[in-house]
Trainee: 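My questions all concern the structure below.
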Amino acid sequence: MGIKGLTKLLAANAPNSMKETTFESYSGREIAVDASTSIYQFLIVVGRNGTQMLTNDAGQVTSHLQGLFSRTIRLLEAGMKPVYVFDGKPPDLKKQELAKRHSKRMDASEYLAAAIESGVKEDIEKYSKRTVKVTRQHNEDCKKLLRLMGVPVVEASSEAEAECATLCKTGKVYAVASEDMDTLTFGAPIFVRHLMGSSRKFPVVQYEVAKILKELNLTMDQFIDLCILCGCDYCDGIRGIGGQTALKLVRQHGSIENIVEKISKVRYRIPENWPFQEARCIFKDPVVSVSDQNHVFEWITPDEEVLKNFLVNENGFNHDRVTKAIGKIKAANYRSSNRRLHSLKPWLRTSVPLKSKETKCQLGVPSAFLNPKMFSLQVYMHLRPKLLWPSVDELVRPVNLFLGVCKELALFSSYIHVSSSWSIFFLLFPFQALLLLYLMGLQAFFDMDAIGRLNKTKYECLLFDMDDTLYPMSTGINYACRKNIEEYMLQFLEIDASEVPRMCLELYKEYGTTMAGLKALGYGFDNDEFHAFVHGRLPYERLKPDPVLRNLLLSMPQRKIIFTNADKAHADQVLSRLGLDDCFEGIICFETLNPPFEPNSYEDEVYKCLSSEEPDYNLLFSDSERKADAIYDENDDSLLPKSQILCKPSLESMEAAIQIANVDPKKTIFFDDSVRNIASGKAAGLHTVIVGSSELVPGADLALTSIHNIKEALPEIWEEEEDQFEQVVQSTAVETVDVLA
DNA sequence: GAGGTCC
DNA sequence: TCATCTGCCGCAAGACCTC
DNA sequence: TGCGGCTGATGAG
């Protein structure tokens, strides 16, 4: 039931809080969608003819799959990035409401039986719709379908609406698309209704909670009380008090407690044991899944073969239709990966002093014909032949350029995936094509049975990420850190409060750290000040000494190095609190990868290049990747400014870390909690272990739910090395690393 | 835009 | 008299393609 | 499930 009469109430009292928008206007936006409501609608309407619905050969209903499949493609094609949120365990207070619904379904079943007996077609149709219930199996089918389509799925701890609202509040999605008005009561900052309405009968309407509160002149707590008084899923209101009266009373008395105290007990009967406080609690502090604050949703390439098998073989879908639909998803993903870069442009144009206008040299030109950023990270990682990059700086320039062209061609061919294109490719670039095939063959060889390799090779070095890898996310350090960053953006960079959470996350996603993104956008602030503000007041006291991990680390015979994006002060503090400060040979941190800026070097090169009679842009291009100044050309819509900061997950940072630590990537295991860092680590040739996940992610050789399980999962670390001598010799070669005091 | 079809 | 609330009923609720 | 339409009841002004 949502909130009784809230639509009308808002239309009458807060008309400016809602505005008509269009389906297309959400292009490029992450949208949280309540899955259950959608599935319910599909079951009611898709392919229904009386009691008959779409089914597979086994007679199981497939209407929900048909509906969800086409709707999701519709959203993706429009450039939206849906995140489907599934209901968890309903709160106890909702049981009464659920029982009511159950009873209604029972009644409908009886009417349906009677209608079937009498053969009245309209009645059969009507009552069969009323018996629809979304079962666990329906939900599981849909989750499977979405995952195969590469669309993120969230399993809510409790109410999906609450989870959606939290995703929106924390900036992980732009808006929540739902029909249920209590999404607003859960505090979703942007709430969209009728987004999915195919009939176009109702326009798409966007509500903003902040505007509602402003117009109604209520605090969020008062708005929640108003909704409870109107009547919600968790408890009835007071008989005789509807929307208008409730609004008047809340404005007048401020809270339900005061209203109950002041109103006439003759006129209004307060329900006995009225659980308004519990209901308030559900809205104010809903049970939501404790997710990684930095978790990034990803819309990945569909698992084509498995998806086809699921839809065509298991559920009787038409093969050609499915093939065509998968093509649409791929095309949408491709467009979206380009669009994502554009999404940062508004900040560039409106709120940021553009840097580097004075630099006339177009450093990106040599690779402009195929920008690697056009391709999804996965494709990029898998096809990027490691052997192309032995040590870029050591290669002579012409070879470098030639290899660069090969890389682009490899990426290009990896994207198109069309056999006929190979023929054209061979005709046009026979030599490159042969080389490419050779390299791809090598790559395939090196990618074979990664875990097998992990088991067979001996290791010399273990590279550890620190935050959320050496201690669990549940400490809340990460969350506190993010809040501090948001606070910094608000206070010192004067970024609009409504933009901060989203911008914080977008930049994190695009650049690896928000700081790197801010720098890339041209925000001029002092790195040390930023770190001091962000890390200076973290709740470090929550980190307790971890003797178990300490013993594990000390018993490992390999070199152990920290590789973190954080600054050294933070790393010192964390390791000290965990009692691990003497477990590592060194720390590769922010300062290691981003030493204080040295004038003369790069500028000189630019100057030299431009002032020469025949400027060799390649000379600058190769270095630009490493030194990365903020270059942004207004006329070029495909390029974002590069970050001045070298940090994970960039491949350059991985290669730099490998070089600084002086390790052989083939004999190094990289532990990290971030999917992107792992993918990047793999691309750099490292063995990779995703920490904090029970499932393998792209690029990971192994998954560890906790770093404490390392001995069970990787016993070979402790196996006797055959030539320890080699290790000892290598371990002296890390002088450049910031060694812990 | 109506009507048929998806499985 | 008017505003507000209640309760009941009926209706629609996807998306794509072809014509 | 949500909404509009309708009807009748109720209470404030």
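Reminder, nothing fancy here: chain letters follow the sequence lines and each chain counts from 1.
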Trainee: So what does A:Thr55 touch, heavy atoms closer than 4.0 Å: a base, only the sugar-phosphate, or nothing?
Mentor: base
Trainee: Please give the stem ranges for DNA chain C, sorted by first residue number, where a stem is three or more consecutive Watson-Crick or G-U pairs and both donor-acceptor distances are under 3.5 Å.
Mentor: B:1-6 with C:14-19, C:1-5 with D:8-12, C:7-12 with D:1-6
Trainee: Please classify the nucleic acid contact of A:Lys248 as base, sugar-phosphate, or nothing, using heavy-atom distances under 4.0 Å.
Mentor: nothing
Trainee: Find every protein N or O atom lying less than 3.5 Å from an N or O atom of nucleotides 1-5 of chain B, and list the pairs.
Mentor:
none

Trainee: Classify the nucleic acid contact of A:Gly5 as base, sugar-phosphate or nothing, counting any heavy atom under 4.0 Å across all strands shown.
Mentor: nothing
Trainee: Hey, are A:Glu140 and A:Lys144 close enough for a salt bridge, meaning a charged N less than 4.0 Å from a carboxylate O?
Mentor: no
Trainee: Is A:Gln66 touching bases, backbone alone, or none of the nucleic acid, heavy atoms closer than 4.0 Å?
Mentor: base
Trainee: C:dC17 C1' sits how many Å from A:Glu77 CD, rounded?
Mentor: 14 Å
Trainee: I want to check one thing: is the phosphate of D:dC3, taken as OP1 and OP2, less than 4.0 Å away from some side-chain N or O of A:Thr7?
Mentor: yes
Trainee: With the side chain of A:Asn318 defined as its heavy atoms from C-beta on, choose the nearest nucleotide among C:dG14, D:dT1, B:dC7.
Mentor: B:dC7
Trainee: Using the C1' atoms only, state how far D:dG13 lies from C:dT4, rounded to an integer number of Å.
Mentor: 14 Å
Trainee: Could you pull out all residues at least two apart from A:Phe317 that satisfy ring pair (Phe, Tyr, Trp, His ring centres under 6.0 Å)?
Mentor: none
Trainee: Heavy atoms under 4.0 Å, any strand shown: does A:Gly67 hit a base, just sugar-phosphate, or nothing?
Mentor: nothing
Trainee: Under the side-chain hydrogen bond (donor to acceptor under 3.5 Å, both in side chains) rule, what do A:Glu163 and A:Ser157 come out as? Steps first, then yes or no, please.
Mentor: CA-CA 8 Å; A:Glu163 198 81 38; A:Ser157 291; 4.5 Å; no
Trainee: C:dG10 and D:dT7: how far apart are their P atoms, nearest whole angstrom?
Mentor: 14 Å
Trainee: When you get a sec, tell me which of C:dG14, D:dC3, C:dC5 is the closest nucleotide to the side chain of A:Arg193?
Mentor: D:dC3
Trainee: Compare the minimum distances between each of D:dG2, B:dC6, C:dA13 and the side chain of A:Leu54, then state the nucleotide with the smallest one.
Mentor: B:dC6
Trainee: Once you apply a heavy-atom cut-off of 4.0 Å, does A:Asp57 come out as touching a base, just sugar-phosphate, or nothing?
Mentor: nothing
